[in-house]
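First the structure, in the form of structure tokens, and then the observations on it.
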2 protein chains.
Amino acid sequence: MTETSDSQRCVPCSFDRGPPDRWAAVLRLCPKGFLVPARVTLRDVARVAAVSAKTVSRVVNQDEHVTPSTRARVQRAIADLGFQPNLVARSLRVGRADVIGLVVESLADPFFARLTSAVEQEAHERGLAVMVSSVGHVPERESVIVQSLLVRQVAGLIVTPMSQSHAYLAGTQQRTPVVFVDRLPEDITSDAVLVDDLAAGEAATRHLLDHGHRRIGFLGSELRNPTTRLRLAGYRRALAERGIPDDGSLVAVGAGSAQQAREAAEKLLSGPRPPTAIFSSNMRCSLGLVPLLHGSGRTDVAVVSFDDFPMADSLEPAVTVIDHDPELIGRAAADRLFRRLEDLDAPAETVVVPVRLVPRGSGELRPPGPSGGRDSGADGRRPPASPAERDMRPAPRQEAADGARRSGRGRRP
Amino acid sequence: MTETSDSQRCVPCSFDRGPPDRWAAVLRLCPKGFLVPARVTLRDVARVAAVSAKTVSRVVNQDEHVTPSTRARVQRAIADLGFQPNLVARSLRVGRADVIGLVVESLADPFFARLTSAVEQEAHERGLAVMVSSVGHVPERESVIVQSLLVRQVAGLIVTPMSQSHAYLAGTQQRTPVVFVDRLPEDITSDAVLVDDLAAGEAATRHLLDHGHRRIGFLGSELRNPTTRLRLAGYRRALAERGIPDDGSLVAVGAGSAQQAREAAEKLLSGPRPPTAIFSSNMRCSLGLVPLLHGSGRTDVAVVSFDDFPMADSLEPAVTVIDHDPELIGRAAADRLFRRLEDLDAPAETVVVPVRLVPRGSGELRPPGPSGGRDSGADGRRPPASPAERDMRPAPRQEAADGARRSGRGRRP
DNA sequence: CGAGGTGTTGACATCGTTGACACGGGCTTG
DNA sequence: CAAGCCCGTGTCAACGATGTCAACACCTCG
């Protein structure tokens with residue numbers, strides 16, 4: 001076959017469809033005389049079933065008002081011709097695609113990958129497709145990427161805010177709702193799904209305090225990052241709660257990479273009065289800290305890590321983590337979005353997703369020396385008291401999304 | 001505001017557009033008398049610029065045949081009205097969406113996440129969006145998911161084959177090309193991007209042989225998985241090459257989880273004549289094996305792991321890996337797809353993406369005892385000879401995609 | 001000066017689907 | 001028995017863009 005590709009592409013085929021021949025819809029004659037497979041449309045089905053296109057549409061859309069016999073005839077024709085509705089045409093007609101847009105920082109990041117996975121699953125269950133786009137490390141790209149999804153008429157958006165301002169979405173929200181995840185948007189009121197970073201920082205620190213530690217280090221990335229700020233605030237709050245003075249020399253922030261975190265941790269531990277425990281406030285930090293401790297045989301230092309990471313449970317001692325559960329966040333965000341699509345005028349909601357502390361060993365180490373904790377009992381945990389600590393309890397996945405605390409925040413008055 | 005949502009949704013607005021008023025396009029009067037933001041269309045721009053819709057279309061699409069002055073007037077109007085073309089309408093008209101579909105096993109898997117990330121980046125550069133769907137562990141879902149993307153008129157597909165047969169795509173390929181990744185499809189000839197599993201298995205094994213090992217274990221998951229089969233074949237080929245008899249007791253397959261791998265490795269090492277080195281043929285296996293070795297102080301056993309994993313380079317000794325580079329695979333697949341879109345009739349191509357061995361320590365350990373290798377030199381590597389070994393050389397990322405070996409496989413004759 | 005070419009612009013139909021509305025027949029109801 | 005209703009079905013136009021083709025203006029050259 002050395003025909004030109006014309007014989008295959010042949011899009012505008014003005015062949016007169018003639019009598020209701022079953023095959024005319026499947027194979028179509030080109031002007032050049034070739035038979036080419038053609039898309040089967042509603043009208044083709046209509047012709048074969050001897051009804052109007054509208055009726056076929058009704059059958060396809062499960063409209064009640066169709067006689068069983070007609071329905072059967074149409075379904076037969078649909079099956080015979082292998083008709084598949086063109087969702088692009090439908091989208092144009094109804095003014096919105098059955099697609100949601102997801103904007104994340106980076107898909108290569110396991111956190112966002114798992115988030116995306118959860119969103120995709122939820123969407124798929126509702127027959128919606130998902131378009132993902134990653135912004136990378138250039139916050140200004142956010143709005144461009146959001147635009148590129150809006151022009152594709154997505155029904156709604158889930159966005160990890162990176163931009164300095166989200167005012168550009170103000171006019172759009174009424175038509176295309178946006179749910180923000182992980183952080184709150186700037187300059188705009190909108191639905192959001194957050195991790196309870198403050199409570200998490202508090203819980204991690206409290207956990208170490210409960211195991212007798214009094215000198216607890218904090219390892220974190222840039223303070224520009226609101227997430228880090230909140231976790232640090234939680235750390236400080238837990239210390240204050242127990243009347244432990246804030247020792248600035250125990251706080252090491254600004255570690256953007258695992259390597260930097262490793263160095264920061266080295267410095268922390270080699271100081272005059274080193275910490276007996278460290279709260280590593282994100283995965284990159286942990287990936288610097290943990291190998292350092294293992295490599296240098298300092299497995300006596302207690303560690304609680306924010307973000308679970310591969311191998312965390314295989315090490316000796318296994319690493320106690322605050323588990324983020326990106327799936328839960330994704331499910332909650334998708335859920336919020338679908339609810340929003342059903343009621344565009346309800347007030348904006350912020351969903352706070354609980355995190356849970358997974359004790360595995362490293363966080364339950366007791367400080368060395370005579371200063372051993374005053375606590376008795378193997379674990380030393382007090383009964384849960386604060387709401388923050390309630391959230392720490394492991395929750396079955398199914399219920400967790402619904403169990404998330406909701407705090408309505410009024411839309412502009 | 002307690003208006004019913006009608007005042008906001010107001011989609012079919014039959015307000016007569018009247019004279020060419022700039023604002024009529026942006027704010028529109030509802031029958032109820034509310035001003036609502038409305039979508040700006042080509043016709044709105046046309047009216048404001050006093051040209052036809054077609055001319056606006058030409059300007060938007062960078063058509064040359066427009067007078068500079070007209071173009072300027074139109075661009076002015078576009079800017080004034082904030083016009084954004086409706087890509088769904090365009091897609092309907094041209095018969096295909098500027099979207100590609102990506103079907104993976106699971107987005108939560110870091111391999112697929114990074115693959116997705118790369119595909120998305122490549123697509124984004126070309127102005128295409130990406131719809132992702134994951135199949136999960138039910139191969140039968142593959143075709144359903146592919147269909148759901150096809151009805152959305154995606155321009156092309158990148159698919160991780162899971163289904164037993166891909167014959168269902170035979171009729172579709174001419175209209176919507178498919179590039180398979182990671183594995184070859186069944187029952188169909190198509191473009192594909194593969195990792196050179198055989199060469200990788202060979203290279204890993206040869207690397208250990210070159211460091212003096214003669215008893216090398218193989219740790220892998222189910223043999224149902226063609227990927228595992230190929231890596232095992234590479235392992236056997238490398239052994240045969242050196243005249244080392246195949247000792248079945250050194251091959252442990254069927255380990256589906258890290259835990260199972262750990263147990264399998266334990267059995268391997270506790271046997272009467274344990275291996276001095278182990279080739280762990282995937283990440284899950286390594287996540288079982290490596291902590292086992294570290295935990296039991298058996299850091300004398302040499303290890304080469306297929307798939308890099310977090311912390312692999314932080315351990316002591318750091319783990320020598322065969323690096324997969326999902327990004328490279330994703331880029332190659334996207335690239336193949338875009339080329340295919342430009343020439344639907346070229347013969348199918350299989351692109352084999354090179355992998356590289358990253359020596360970090362664990363793979364360069366020499367066997368204990370008097371049987372030390374006959375090789376001299378610190379590394380003991382021979383000059384690269386086979387094509388497989390050529391691929392092992394680290395390649396700069398930019399060139400690697402183009403440097404991938406291509407083997408054309410004729411389309412049906 | 002007219003024929004022919006080149007290049008800009010617009011009218012119109014069309015992509016495949018669905019919402020609004022109309023029509024006719026059978027049913028209920030006063 | 002007439003008025004009114006519901007029900008199944010069809011007609012038509014529209015969603016917003018673009019391909020085709022023709023109209024027209026302007027230029028060049030014989």
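Reminder, nothing fancy here: chain letters follow the sequence lines and each chain counts from 1.
Regarding Leu87(A), its CG atom lies at a distance of 13 Å from the P atom of dG16(C), rounded to whole Å. In this entry the distance linking CZ of Arg96(B) with C1' of dT18(D) reads 16 Å, nearest Å. Atoms CD (Gln153(A)) and C1' (dT17(C)) sit 15 Å apart, rounded to a whole Å. Between the P atom of dT18(D) and the CZ atom of Arg90(B) lies a distance of 5 Å, rounded to the nearest Å. Rounded to whole angstrom, the span from the CZ atom of Arg152(A) across to the P atom of dA17(D) amounts to 14 Å. The nearest whole Å value for the distance from the CZ atom in Arg71(B) to the C1' atom in dG7(C) is 13 Å. Separating the CG atom of Leu92(B) from the C1' atom of dA13(C) is a distance of 13 Å, rounded to the nearest angstrom. Regarding Lys54(B), its NZ atom lies at a distance of 18 Å from the P atom of dG16(D), rounded to whole Å.
The side chain of Thr67(A) lies closest to dT9(D) when the candidates are dA20(C), dG16(C), dT9(D). Residue Val51(A) has its side chain nearest to dG10(D) when only dC15(C), dG10(D), dT18(C) are considered. For Ser52(A), taking side-chain heavy atoms from C-beta onward, the closest of the listed nucleotides dT20(D), dA17(D), dT11(D) is dT11(D). Of all nucleotides listed (dG16(D), dA17(D), dT9(C)), dA17(D) comes nearest to the side chain of Leu42(B). The side chain of Asn86(B) lies closest to dG16(D), out of dT18(D), dG16(D), dT18(C). Considering only side-chain atoms of Phe83(A), the nucleotide from dT20(D), dT17(C), dG10(D) that sits closest is dT17(C).
Arg76(B) and Asp80(B) are joined by a salt bridge, as a carboxylate oxygen and a charged side-chain nitrogen come within less than 4.0 angstrom of each other. Under a 4.0 Å N-O distance rule, the pair Arg339(A)/Asp343(A) does not qualify as a salt bridge.
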Every protein N/O lying under 3.5 Å from an N/O of nucleotides 24-27 of chain D:
none

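With axes fitted over five pairs at each extremity, the angle between the ends of the helix from dC1(C)-dG30(D) to dG30(C)-dC1(D) is 50° (10° resolution).
Of all heavy-atom pairs spanning Ala123(A) and Phe338(A), the tightest one is CA-CZ, 3.8 Å.
Between Thr41(A) and dC15(C) there is no side-chain polar atom (N or O) within less than 4.0 angstrom of OP1 or OP2. When the side-chain nitrogen and oxygen atoms of Thr70(A) are compared with OP1 and OP2 of dT9(D), one or more of them lie within a distance under 4.0 Å.
Between Gln147(B) and Val144(B) the shortest side-chain heavy-atom distance does not fall below 4.5 Å.
Residue Gln62(A) qualifies as open at atom CD: its count of foreign heavy atoms under 6.0 Å is 12 or below.
Interatomic distance, His166(B) NE2 to Thr172(B) OG1, rounded to the nearest 0.5 Å: 12.0 Å.
One side chain, Ser190(B) or Gln173(B), offers a donor N or O that lies under 3.5 Å from an acceptor on the other. A donor and an acceptor atom, one from each side chain of Ser134(A) and Glu120(B), are located under 3.5 Å apart.
If you check every strand for non-hydrogen atoms under 4.0 Å, Val88(B) touches nothing. Among the heavy atoms of the strands, none lies under 4.0 Å from Ser91(A).
In this structure a side-chain-to-backbone donor-acceptor pair under 3.5 Å is missing from Thr67(A) to Ser69(A). Judged by distance alone, the side chain of Thr160(A) and the main-chain N or O of Val103(A) form a donor-acceptor pair under 3.5 Å. Remark: side-chain polar atoms of Arg96(A) are paired, donor with acceptor, to backbone N or O of Arg175(A) under 3.5 angstrom. Here the side chain of Arg39(B) pairs a donor or acceptor atom with the backbone of Gly95(A) at under 3.5 angstrom.
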Checklist entry - After noting the C-alpha distance and the side-chain angles of Arg152(A) and Asp98(B), does the key distance pass the salt bridge (Lys or Arg N to Asp or Glu O under 4.0 Å) rule? => result CA-CA 9 Å; Arg152(A) 291 185 166 90; Asp98(B) 42 5; 3.6 Å; yes
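Heavy-atom distances under 4.0 Å link DNA chain D to Thr55(A), Arg58(A), His65(A) of residues 55-65 of chain A, given in residue order.
The 5' end of DNA chain C is approached more closely, in terms of each residue's nearest nucleotide, by Ala50(B) than by the other of Ala50(B) and Arg93(B).
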